Amino acid sequence: MKRLWVVALALGLVVVFSAAVFAVDVKFSGEFYAAGLYLDKTSLNKNGYYKPASKTTAMESGKDGSYKVADVYVNPGISTAFYYQRLRLKTDFIVSPGLVLITRADFMERAWGANRSASMISDGKGGYTAAQPAVDSAGTVAENENIAIDWAYVEYKSPIGVFSVGYMNYGSTGTIFGNNSAPQGRIKYSYTYGPLTINPTISKVKEKSFTAKNAATWTDADNDVYHLEGIYGWKGGKAGFNVNYYRSAENRPVAGSLYKMTYLLFTPYVMAQIGPVALQAELNYATGTAKAYEEYAGLGPDIRMEQWSGWVDATADFKMAYVGASVAYVSGDDPGTANKLEGGSLNGGRDWNPCLIMFNYYDRGQWVGSLSGYDGSTDSGPMTNAWFFQLRGGVRPVDKLDIMASVSYAMADKKPWATAGDPTSVYASNSYGWEVDVTATYKITNNLSYMLGAGYFFTGDYYKGKVKTTPSDLNNDYMIINKLTLTF
């Protein structure tokens, strides 16, 4: 009899747990890509060994005991070619109607056969610290090369609005311009009434309070963002206004710094379809204090922030052909105003990649790295300190094939100084250069596509840095890429 009760109880538990499991509906979606890339030069410097035009401190002795000016070497860069891939998987656990647990993870984001990234970083003194998360992930680069979970949050659609709590997407508002998507811990509320939606949100960007894993000696040294967004939608478009208040205090405990950053970011935007023309526009204005020093620090006057960015984009689609144009701007910092920061916090965004080489973070910047010239000039990916202009056009000779070509030009808003505080070291030119890109994308199936692209960059004299007597010749650069993308 006892055995029968044990069996009955066991069967009952199976039924109960099975019912709980079967009540959860699971939905998967995601993307996998595998790509091959060839970049002709990893540096924009052209010179190898050269003889300086005048004597310098670099001298070498001759066989007869005399001295002569030593040859100087400037790394002209090398070509590189490799394959890379990533699997991104989003999983929705639908617990009940209106209640969902949402997760997202990246798998094997790595170059084929390449060395794995370090999970611990040496301090040069025999000690090690854990690597910081990647700029667009909740995990480190090493974790993304295996598996990194970026999102895990609950979404509850209540009668009074939608509540979302946990790690979710952050840094993407309005149009794609200026977006730097990354996971962050957030509490978000969304309420829709007719055509109007409001989204108040709190984001925790960096936590430096005392925890079991952080023996902090300071309080109130966190980085937080408070958001309020309003969106008005209509058939064929929407317009929004987002206000962010940033309070970044992570440098308050840092010796020699002892400051916090507090500023407001105002972002109006609009997206509309007018006949065959798709229009997008966005403006960003940041104002506040870039460095508010502690009163007892004695580190100098506060530094004010006044920065602008924005873009206007239009594409006219005529089914078999389309044409488009973009104008974008990100203010640069004026090196002559030490107590004011006009650039550096705003950029064009990692998500917006208008060219294959220039201002491309997603394929070129992330996988190859920065393209450097002389005197610290560099393109690290997201557009900064620039005016950008692009014309593009495409044809679809068959339904599955899309061929697009574009011509782009960019120039610096402000010319930097090669040496801080020295106006005589100002860069000689503000021209970043021209780029011509051609891409062809073939839709193999509804979910599988193949892209082949080529870009040629005519390097501008901005990358020569300041005027100098020694050679500072530049390389033009070109890139070839092909990518297989699966979406599901």
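This one's a predicted model, so the numbers in the text were calculated from it and none came from an experiment. All residue numbers refer to positions in the sequence shown, counting from 1. These numbers come from the heavy atoms of this one structure, side chains and all, not from hydrogens, waters or symmetry mates.
Remark: the backbone N or O of K204 is not paired with any side-chain donor or acceptor of R186 at under 3.5 angstrom. N447 contributes no side-chain N or O that, together with a main-chain N or O of F488, makes up a donor-acceptor pair within less than 3.5 Å. Judged by distance alone, with hydrogens and angles left aside, the side-chain atoms of T419 form no donor-acceptor pair with the main-chain N or O of D422 at under 3.5 Å. Between the side chain of N360 and the main chain of R364, a donor-acceptor pair closer than 3.5 Å is present. For the pair R350 (side chain) and V135 (backbone), a donor-acceptor distance under 3.5 Å is present. Of the possible donor and acceptor atoms, none in the side chain of T197 sits under 3.5 Å from a partner among the backbone N and O of I231. No donor-acceptor pair under 3.5 Å is formed between the side chain of N347 and the backbone N or O of G344. No donor-acceptor distance shorter than 3.5 angstrom exists from the side chain of T289 to the backbone of K291, with no hydrogens or angles considered. Side-chain atoms of N476 come within 3.5 Å of backbone atoms of T459 as a donor-acceptor pair (strictly under, hydrogens ignored). No donor-acceptor pair under 3.5 Å is formed between the side chain of Q390 and the backbone N or O of S408.
Under the 3.5 Å distance criterion, with hydrogens and angles disregarded, a donor-acceptor pair is assigned to the side chains of T287 and E306. D402 and Y322 form a side-chain donor-acceptor contact under 3.5 Å, judged by distance and modelled atom types alone. Side-chain N/O atoms of T315 and R392 include a donor and acceptor closer than 3.5 Å. Side-chain atoms of Q132 and T140 include no donor-acceptor pair closer than 3.5 Å. No hydrogens or angles considered: nothing links the side chains of D375 and Y463 as a donor-acceptor pair under 3.5 Å. For the residue pair N179 and S172, no side-chain donor N or O sits within less than 3.5 Å of a side-chain acceptor on the partner.
Residues N180 and D351 form no side-chain contact, since every pair of their non-hydrogen atoms from C-beta on lies 4.5 Å or further apart. When side chains are defined from C-beta on, T80 does not count as touching Y38, because their heavy atoms never get closer than 4.5 Å. Between W417 and K466, every side-chain heavy-atom pair lies at or beyond the 4.5 Å cut-off. Looking at heavy atoms from C-beta onward, N385 lies out of side-chain contact with S331 at the 4.5 angstrom threshold. Counting heavy atoms from C-beta outward, F457 and L44 have side chains that approach closer than 4.5 Å. Side-chain contact between V225 and T201 is absent, with no heavy-atom pair separated by less than 4.5 Å. Using a 4.5 Å heavy-atom threshold, the side chains of T485 and L448 count as separate. Side-chain contact check for N144 versus M108: every heavy-atom pair is 4.5 Å or farther apart.
Annotation: Y462 is in aromatic contact with Y432 [ring centroid separation under 6.0 Å]. Between Y263 and Y246, the distance separating the two ring centers is shorter than 6.0 angstrom. Ring-centre distance between W387 and Y329: below the 6.0 Å cut-off.
Taking OG from S79 and CE from M479, the interatomic distance works out to 14.0 Å, rounded to the nearest 0.5 Å. The CD1 atom of I403 sits 9.0 Å away from the OG1 atom of T439 when rounded to the nearest 0.5 Å. Rounded to the nearest 0.5 angstrom, L265 CG and N244 CG are separated by 5.5 Å. We find the CG-CD1 distance between L484 and I444 to be 5.5 Å, quoted to the nearest 0.5 Å. Taking OG from S431 and NZ from K415, the interatomic distance works out to 11.0 Å, rounded to the nearest 0.5 Å. Interatomic distance, CG of L89 versus OG1 of T103, reported as 7.0 Å (0.5 Å rounding).
Ion pairing of R88 with D106 is present here, as a side-chain N (NZ or NE/NH1/NH2) and a carboxylate O approach within less than 4.0 Å. The pair K90-D92 counts as a salt bridge, with a side-chain nitrogen and a carboxylate oxygen less than 4.0 angstrom apart. With salt bridges taken as basic N to acidic carboxylate O contacts below 4.0 Å, none links E155 and K188. With salt bridges taken as basic N to acidic carboxylate O contacts below 4.0 Å, none links K41 and D477. Residues K414 and D334 are not paired through a salt bridge, judged by the lack of any N-O separation under 4.0 Å between the basic side chain and the carboxylate.
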Self-check item: Worked verdict on L356 versus E435 for side chain to side chain contact (heavy atoms under 4.5 Å, CB included)
Solution: CA-CA 9 Å; L356 291 177; E435 181 166 336; 3.9 Å; yes
Exercise. Would you please test Y226 and L228 for side chain to side chain contact (heavy atoms under 4.5 Å, CB included) and show each step?
Key: CA-CA 7 Å; Y226 303 89; L228 181 59; over 6 Å; no
Exercise. Show your working on side-chain hydrogen bond (donor to acceptor under 3.5 Å, both in side chains) between E342 and T337 and close with a plain yes or no.
Key: CA-CA 9 Å; E342 299 93 346; T337 56; 2.8 Å; yes
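Residue D136 comes nearest to S181 through the heavy atom pair CB-O, 3.7 Å, listed as atom of the first residue, atom of the second, then distance. When all heavy atoms of S43 and S372 are compared, the pair lying nearest together is OG-O, 3.4 Å. When all heavy atoms of G455 and D437 are compared, the closest pair comes out as CA-OD1, 3.1 Å. Contact between A105 and I147 at its shortest, heavy atoms only, is CB-CG1, 4.5 Å. Closest heavy-atom contact between Y374 and K46: OH-N, 3.9 Å. Residue G332 comes nearest to D413 through the heavy atom pair N-OD2, 3.0 Å, listed as atom of the first residue, atom of the second, then distance.
Scanning for side-chain hydrogen bond (donor to acceptor under 3.5 Å, both in side chains) contacts around Q273 gives an empty result, with sequence neighbours left out. Remark: K400 pairs with no residue by the salt bridge (Lys or Arg N to Asp or Glu O under 4.0 Å) rule, at least two apart or across chains. With sequence neighbours left out, the side-chain hydrogen bond (donor to acceptor under 3.5 Å, both in side chains) criterion links Y269 to E229.
For K483, the NZ atom counts as densely surrounded, since its 6.0 Å shell holds more than 12 non-hydrogen atoms of other residues, nucleotides or ligands. For Y232, the OH atom sits in a loose shell: 12 or fewer heavy atoms of surrounding residues, nucleotides or ligands are nearer than 6.0 Å. Few gaps surround CZ on F266; more than 12 heavy atoms of other groups in view lie less than 6.0 Å from it.
Across F359, F388, W311, a single residue satisfies ring-ring contact (aromatic ring centres under 6.0 Å, His included) together with F177, and that is W311. With E145 as the fixed residue, the salt bridge (charged side-chain N to carboxylate O under 4.0 Å, His left out) test singles out one of R116, R110, R86: R116. Paired with Y156 under the rule side chain to side chain contact (heavy atoms under 4.5 Å, CB included), one option of V162, L99, V100, V165 passes, and it is L99.
Relative orientation of the Y456 and Y478 rings is parallel, given thresholds of 30° and 60° on the angle between their planes. Ring geometry, W151 versus Y153: the interplanar angle exceeds 60°, so the pair is classed perpendicular (tilted spans 30 to 60°).
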